[in-house]
Colleague: 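Dropping a structure here in structure tokens format, bear with me for questions.
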Amino acid sequence: NAGVTQTPKFRVLKTGQSMTLLCAQDMNHEYMYWYRQDPGMGLRLIHYSVGEGTTAKGEVPDGYNVSRLKKQNFLLGLESAAPSQTSVYFCATLPEGNTEAFFGQGTRLTVV
Amino acid sequence: QKEVEQDPGPLSVPEGAIVSLNCTYSNSAFQYFMWYRQYSRKGPELLMYTYSSGNKEDGRFTAQVDKSSKYISLFIRDSQPSDSATYLCAMSAGFSGGYNKLIFGAGTRLAVHP
């Protein structure tokens, strides 16, 4: 039982490159979230999904896209990376009717 | 003004000390209050959860919520070096439109030295 797994754990991108972050969960949770964590800013919601095939914008969605084609996977895409997207990205899942969020280990992304 | 304010610290205490961590908030709709612990280079994990006002105790940890003052606290008794981590408060008004919006504080970094 792996819980929430994020891939990759580290990545360095050049400005303008694209990449996809993968979040996979084996807990059958309905809700999935992508956050970014920056010093002094806490966790800020980028996009979220309330179920397979659904996505919605969070607090800081610009420059990111997401997809949830399968219930267990939530993908975060950066089409054209910018230095301002240097951050630690966390995926979280939430079972329906519950407030305890389960987080992945994070992806450290540096855009140079 | 941020919805949730939390002093980032860092807070350094000797082993065995009582630690007090706090958050204030502005949204009176918040009903669920949580404390997450995050070790270095790891994801946050839920430490304490409280619904509405009151106290909740779990071992060395006590969470308090004062909704009238919009103030929540986490107390750690007999602190240990293994408690060294960043503590994030989080709050929610519950599910609305199928979405549970969790608002996090910036996190307080705690160091407990032997």
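A note on names: the letters A, B, ... follow the listed sequences, proteins ahead of strands, and every chain is numbered from 1.
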Colleague: So for Gln37(A), is it side chain, backbone, both, or neither that comes closer than 4.5 Å to the heavy atoms of chain B?
Modeller: side chain
Colleague: Heavy-atom count around Arg109(B) CZ within 6.0 Å, excluding the residue itself: above 12?
Modeller: no
Colleague: Which atoms of Tyr89(A) come close to chain B, meaning under 4.5 Å heavy atom to heavy atom: side chain ones, backbone ones, both, or neither?
Modeller: neither
Colleague: Please flag which part of Gln38(B) lies under 4.5 Å from any non-hydrogen atom of chain A: side chain, backbone, both or neither.
Modeller: side chain
Colleague: Where does Pro8(B) contact chain A at under 4.5 Å (heavy atoms): side chain, backbone, both or neither?
Modeller: neither
Colleague: Are Val50(A) and Phe74(A) connected, step by step, through hydrophobic side chains (Ile, Leu, Val, Met, Phe, Trp, Tyr) whose heavy atoms are closer than 4.5 Å?
Modeller: no
Colleague: Is atom CD of Glu3(B) surrounded by more than 12 heavy atoms (other residues, nucleotides or ligands) closer than 6.0 Å?
Modeller: yes
Colleague: Mind checking whether Leu21(B) and Phe61(B) sit in one hydrophobic cluster, side chains of I, L, V, M, F, W, Y counted as touching below 4.5 Å?
Modeller: yes
Colleague: If you look at every heavy atom in Ala106(B) and Gly40(A), which pair is closest and at what distance?
Modeller: CB-O, 3.7 Å
Colleague: Scan Phe103(A), Phe90(A), Phe102(A) and name whichever one has a ring-ring contact (aromatic ring centres under 6.0 Å, His included) with Tyr36(B).
Modeller: Phe103(A)
Colleague: Output the option from Arg108(A), Glu30(A), Gln6(A), Arg44(A) having the highest count of non-hydrogen pairs under 4.5 Å with chain B.
Modeller: Arg108(A)
Colleague: Is it the backbone or the side chain of Ala101(A) that comes under 4.5 Å from a heavy atom of chain B, or both, or neither?
Modeller: both
Colleague: Find the distance between NZ (Lys9(A)) and CZ (Arg41(B)) and round it off to the nearest 0.5 Å.
Modeller: 13.0 Å
Colleague: State yes or no: do Val111(A) and Tyr64(A) share one hydrophobic cluster built from I, L, V, M, F, W and Y residues joined by side-chain heavy-atom distances below 4.5 Å, directly or via other members?
Modeller: yes
Colleague: Test of understanding: clusters of I, L, V, M, F, W, Y form through side-chain heavy atoms closer than 4.5 Å, transitively. Do Tyr48(A) and Leu43(A) belong to the same one?
Modeller: yes
Colleague: Is there a side-chain contact between Leu102(B) and Tyr35(A), using heavy atoms and a 4.5 Å cut-off?
Modeller: yes
Colleague: Would a hydrophobic clustering, with Ile, Leu, Val, Met, Phe, Trp and Tyr connected at side-chain separations under 4.5 Å, put Tyr49(B) with Ile103(B)?
Modeller: no
